[in-house]
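All values below were derived from every heavy atom in this structure, side-chain atoms included, with hydrogens, water molecules and symmetry-related copies excluded.
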Amino acid sequence: MVNIEDYLKNPCGESSIPYWKTKLISVPNGVKILHQKDFNPTEYIQFIDEPYFRLSHDLKGLSMPQLPQGYSLYVATLSDFAEHINQCYNDINISESELQNYTTRPVFVSSLWLAVQDKRNSDIVATGIAELDRECNEGVLEWIQVSENYRGCGLGSYIVTELLWRMKDIARFVTVSGQCNNPTNPESLYRKCGFTGNDVWHILKRRAL
């Protein structure tokens, strides 16, 4: 169990996941989670290594986000969110019922679920979900995605900065994590939006014999 005082001093270096999740999630058998400073590849050759970055934002110096021209915010259903998330990834299949469970979490805030549509065809082309842990005033970016044909149009930056803007008066800081080796390079997007840090966590899964 992570100590909240230690976590608040160094959230991204103290834990691989947000504080509220540390109270609910235990590490499965056959899995190890190590910070970069404790990771020696030669000691874990029997494991598959998936490194994740973890970054934070202090919510200072924000400017009001501007939605790119030709797009508008859209009040999406849970089904819309599930469909768009699944459309954006090759290896993810989240269900509407799973997202329904998100709305029962103590960290759920309805205003932190965003969807953007293309005005020309009404298609949902970008979505984002953030959560708020009121115990330590931590905002967490959970799902950020842009449809493949709409990447590079500023929609990812808009979703991230809009969520930061909405959290600036209710959160002390915001964290985000993602796969270091993701070909879409999400880390560059978050850094562009003001996230900082150099913490990397290795999720090690024992290879099958």
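In this model, a donor atom of one side chain and an acceptor atom of the other lie less than 3.5 Å apart for Asn182 and Thr184.
The side chain to side chain donor-acceptor pair (under 3.5 Å) search around Arg191 returns Glu187, not counting sequence neighbours. Annotation: side chain to side chain donor-acceptor pair (under 3.5 Å) contacts of Asp118 (sequence neighbours excluded): Arg120, Tyr150. Remark: Lys21 pairs with Glu142 by the salt bridge (Lys or Arg N to Asp or Glu O under 4.0 Å) rule, at least two apart or across chains.
There is no path of hydrophobic side-chain contacts, each under 4.5 Å, that joins Val174 to Ile129.
Under the 4.0 Å criterion applied to side-chain N and carboxylate O atoms, Lys32 and Glu43 are not assigned as salt-bridge partners. For Lys9 and Glu5, the salt-bridge test fails: no basic side-chain N is under 4.0 Å from an acidic carboxylate O.
Between His202 and Phe39, the angle of the ring planes stays under 30°, which puts this pair in the parallel group of the 30/60° scheme.
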Side-chain donor-acceptor pairs under 3.5 Å in residues 101-108, sequence neighbours left out?
residue, atom, partner, partner atom, Å
Tyr102, OH, Trp143, NE1, 3.1
Thr103, OG1, Gln100, O, 2.5
Thr103, OG1, Gln100, NE2, 3.1
Thr104, OG1, Asn101, O, 2.7
Arg105, NH1, Glu131, OE1, 3.3
Arg105, NH1, Glu131, OE2, 2.7

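Within the structure, every pair that satisfies the ring pair (Phe, Tyr, Trp, His ring centres under 6.0 Å) test and touches residues 52-71, not counting sequence neighbours, is listed here: His57-Phe195.
The heavy-atom pair separating Cys12 from Trp201 by the smallest distance is O-NE1, 2.8 Å.
When Leu141, Leu62, Val140 are each tested for a side chain to side chain contact (heavy atoms under 4.5 Å, CB included) with Met167, only one passes: Leu141.
Through chains of ILVMFWY side-chain contacts below 4.5 Å, Tyr74 is grouped with Ile124.
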